[in-house]
Amino acid sequence: MKKLGIGILILVLLVVGAGLLFREQIGERLFARAVETAVTRDVIGDLPDGINVVLCGSGSPLPDPTRAGPCSAVVIDGKMFIVDIGGGAVRNLGLMGLNPGAIEALFLTHFHSDHIDGMGELMMQRWAGGGRDAPLPVIAPEGVTAIVDGLNAAYAADAQYRIAHHGAAMILPTGAGGEARPFSIPDAQEEMVVYEQDGIKVTAFPVNHKPIEPAVGYRFDYKGRSAVFSGDTIKLPSIAKACNGCDLLVHEALNVEMVRAVEKAFAKAGRKRLAKIMADIQNYHTTPVEAAETAKAGKAKMLVLSHIVPALPLDYLEAYYMKGISDAYQGPAVLGKDGMLFSLPANKDSIERGDLR
């Protein structure tokens, strides 16, 4: 036995030694394989026909090492639509294998900084990396034109650098930046179709995020399947009405009990400004239980919470965050995380879950 033990030890040392000796060669081969796998990966092409929702950002303005800013990607028939584009979300798209060149349009729910601060990077990646020959359509309520014009101006020099470096034949000058497509829902209307093409219909509906106005949510319909995005809002009957039996309801959520604990901690530390902000944000968001109540009223087949406030650095906190939801809604309720995939196959009832991270 002793000789066997010594033999095994010698073998282990030889293996470790060989690994150290040939580390450069092993690293080279591993890198080449990883690159080949990454560049040949076709996530969008592998998704089923229907509506596919990916959480490219499930966080909020509060720092969270596990979540990018608010962002949902909707993939339908090879086309990708983005709902809000928070910081870090564009890089998440790359990590998930979602080609920015497939983006048909960006939909904004409102103009809070955490919902638009990834726009410049998104426009650049779609154009330079994706090879598009026309600007990114940015569909949003009135007020979006000034934002898009400002970003186009801010990125104008960078666009010229890339054209000069790679050549106009490769980086098409006509594709840079964004194109604002504002809409305004008449007061007498409860909703408005803002996109309809190739069987894909997107309907906007007003929500209440006062004093931030305008603010909207969106419903996507395609081949008998539907996904609704609440945007930032207080609990509203109109969201349940927009859902109306929807397959997937992606609803924002703020846990008031947890935010109050953060507020008290800031106050105790003498950080009055941040304590006041924590107190203020409690009155224009929806609690997890209220989102569950909305899902029940709207007969949603599945509820997904996103725009998670506060940050949840430990998985152990998730049960606390979701407390009371099962009493309010008997359907499946999911605490959103970056990379989650929800597929709604065309003309079926199933909801298939996956993870792209």
Side-chain angles (χ1 to χ4, degrees), residues 34-49 51-57 68-108 115-140 144 147-181 195 197-198 200 202 218 220 222 338-339 341 343 356-357:
V35 169
E36 184 177 353
T37 299
V39 300
T40 57
R41 187 183 183 195
D42 183 15
V43 172
I44 292 177
D46 291 338
L47 293 174
D49 183 29
I51 297 178
N52 302 276
V53 175
V54 182
L55 299 186
C56 36
C71 174
S72 298
V74 182
V75 182
I76 303 173
D77 192 26
K79 304 177 181 67
M80 184 158 60
F81 305 87
I82 304 295
V83 180
D84 290 331
I85 188 68
V90 177
R91 297 182 188 189
N92 263 352
L93 292 174
L95 291 172
M96 296 170 194
L98 296 173
N99 176 14
I103 298 173
E104 291 295 309
L106 168 64
F107 295 86
L108 298 177
H115 292 253
I116 66 172
D117 55 5
M119 277 180 63
E121 188 177 4
L122 184 73
M123 292 189 298
M124 183 58 66
Q125 290 292 342
R126 177 183 180 270
W127 167 54
R132 299 302 289 250
D133 60 0
L136 171 67
V138 183
I139 301 170
V144 68
I147 295 169
V148 173
D149 287 349
L151 283 168
N152 285 342
Y155 278 77
D158 183 65
Q160 293 306 312
Y161 300 151
R162 295 179 190 276
I163 295 168
H165 189 192
H166 302 292
M170 181 63 62
I171 306 294
L172 302 172
T174 56
E179 176 194 345
R181 297 187 182 179
Y195 180 98
Q197 189 173 324
D198 300 324
I200 304 166
V202 184
Y218 294 101
F220 285 73
Y222 177 73
D338 292 12
L341 164 66
S343 292
L356 298 182
R357 288 293 296 271

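Along the sequence shown, residues are numbered consecutively beginning with 1. Remember, predicted model here, so these are calculated numbers, not experimental data.
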Validation row: [X], [Y] side chains within 4.5 angstrom (heavy atoms):
X	Y	answer
Leu98	Met80	yes
Asn52	Val74	no
Lys79	Asp198	yes
Leu108	Leu106	yes

To the nearest 0.5 Å, what is the distance between [atom1] on [X] and [atom2] on [Y]?
X	Y	atom1	atom2	result
Leu151	Leu136	CG	CG	10.5 Å
Phe220	Ile200	CZ	CD1	9.0 Å
Glu104	Ile82	CD	CD1	11.0 Å
Tyr161	Ile171	OH	CD1	16.0 Å
Met119	Asp117	CE	CG	10.5 Å
Arg357	Leu95	CZ	CG	5.0 Å

Which heavy atom of [X] sits nearest a heavy atom of [Y], and at what distance?
X	Y	result
Leu93	Cys56	CD2-CB, 3.8 Å
Ala159	Met124	N-CE, 4.4 Å
Leu172	Ala169	CD2-O, 3.8 Å
Met96	Leu55	CE-O, 3.4 Å

Answer yes or no: is there a donor N or O on one side and an acceptor on the other, between the side chain of [X] and the main chain of [Y], under 3.5 Å?
X	Y	value
Asp338	Ala68	yes
Arg126	Gly101	no
Asp84	Cys71	no
Asp133	Thr174	no
Trp127	Ala134	no
Arg181	Ala105	no
Ser72	Val83	no

- Between Phe81 and Phe107, what is the ring plane arrangement, given parallel below 30°, perpendicular above 60°, and tilted in between? tilted
- Message: Pair Asp49, Tyr222 - check side chain to side chain donor-acceptor pair (under 3.5 Å), show working.
- Response: CA-CA 10 Å; Asp49 183 29; Tyr222 177 73; 3.2 Å; yes
- Message: As a quick check of understanding, evaluate side-chain contact (heavy atoms from CB on, under 4.5 Å) for Leu341 and Leu47, giving each step before the final call.
- Response: CA-CA 10 Å; Leu341 164 66; Leu47 293 174; 3.8 Å; yes
